[in-house]
Colleague: 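Mind having a look at this structure? Questions to follow.
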Amino acid sequence: GGAGAGGDGQPGGDSNNAKEGGGILGHRILPVKKKSYNKNEPEMYQFKLERWTNMGVSVLAAFASEEEADVQLLYDTITEIMLTCPFGGL
């Protein structure tokens with residue numbers, strides 16, 4: 001577990017870097033959750049990576065696996081990468 005980049009609910013990034021008409025303001029990684037995608041399938045652990053722009057928020061990528069440890073490892077890795085980026089994820 002752990003908060004990770006953007007765990008405070010705020011996007012990483014600097015609005016001064018945003019370009020006119022849809023520039024990227026930052027990214028946010030959402031917490032790992034269990035989700036059922038199909039009644040006949042086991043629940044999966046999933047998380048999403050959001051991109052924040054002048055035009056709004058969109059899901060950049062979603063990751064899921066039946067194996068919680070696999071999802072947590074990927075989550076932690078992406079979080080560490082975001083922390084090394086300027087402004088924690090831009």
Side-chain angles (χ1 to χ4, degrees):
D8 59 358
Q10 298 298 315
D14 183 347
S15 59
N16 293 333
N17 289 343
K19 295 175 186 66
E20 194 174 325
I24 298 171
L25 301 174
H27 297 85
R28 182 174 70 159
I29 192 167
L30 300 177
V32 175
K33 296 191 288 187
K34 280 174 79 171
K35 182 174 180 178
S36 179
Y37 287 89
N38 184 332
K39 265 198 297 192
N40 302 323
E41 300 286 329
E43 286 188 319
M44 298 185 85
Y45 295 89
Q46 65 92 19
F47 69 93
K48 295 177 183 177
L49 182 62
E50 292 180 335
R51 173 177 285 163
W52 292 52
T53 69
N54 290 338
M55 305 300 287
V57 180
S58 60
V59 175
L60 183 60
F63 305 92
S65 174
E66 292 178 25
E67 300 298 325
E68 183 178 12
D70 292 344
V71 171
Q72 192 63 55
L73 179 60
L74 182 58
Y75 180 91
D76 292 345
T77 302
I78 293 172
T79 298
E80 288 297 316
I81 291 168
M82 289 176 67
L83 290 174
T84 65
C85 295
F87 311 107
L90 180 61

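Worth saying up front: this structure is predicted, and the values here are computed from it rather than measured.
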Colleague: For Glu41, what residues pass the side-chain contact (heavy atoms from CB on, under 4.5 Å) criterion, not counting sequence neighbours?
Modeller: Asn38
Colleague: If I compare all heavy atoms of Gln46 with all of Ala64, which pair ends up nearest, and what's the gap?
Modeller: CB-CB, 3.8 Å
Colleague: Using the salt bridge (Lys or Arg N to Asp or Glu O under 4.0 Å) rule, collect all pairs that involve residues 53-74, keeping only residues at least two apart or in two chains.
Modeller: none
Colleague: Could you tell me which residues satisfy side-chain contact (heavy atoms from CB on, under 4.5 Å) with Leu74, sequence neighbours excluded, listed by chain and number?
Modeller: Phe47, Phe63, Ile78
Colleague: Between Ser58 (side chain) and Leu60 (backbone), is there a donor-acceptor pair under 3.5 Å?
Modeller: no
Colleague: So do Tyr37 and Met44 actually touch side chain to side chain, heavy atoms under 4.5 Å?
Modeller: yes
Colleague: Determine whether Met82 and Ile29 make a side-chain contact, defined as any pair of heavy atoms from C-beta on separated by less than 4.5 Å.
Modeller: yes
Colleague: Closest approach of Ile24 and Thr53, non-hydrogen atoms and distance?
Modeller: CA-CG2, 4.2 Å
Colleague: Can you get from Leu30 to Val57 by hopping between Ile, Leu, Val, Met, Phe, Trp and Tyr side chains that sit under 4.5 Å apart?
Modeller: no
Colleague: With salt bridge (Lys or Arg N to Asp or Glu O under 4.0 Å) as the rule and sequence neighbours excluded, what pairs involving residues 42-54 come up?
Modeller: Arg28-Glu50, Lys34-Glu43
Colleague: Find out whether Val59 and Leu49 are in side-chain contact, i.e. whether some heavy atom of one side chain is under 4.5 Å from a heavy atom of the other.
Modeller: no
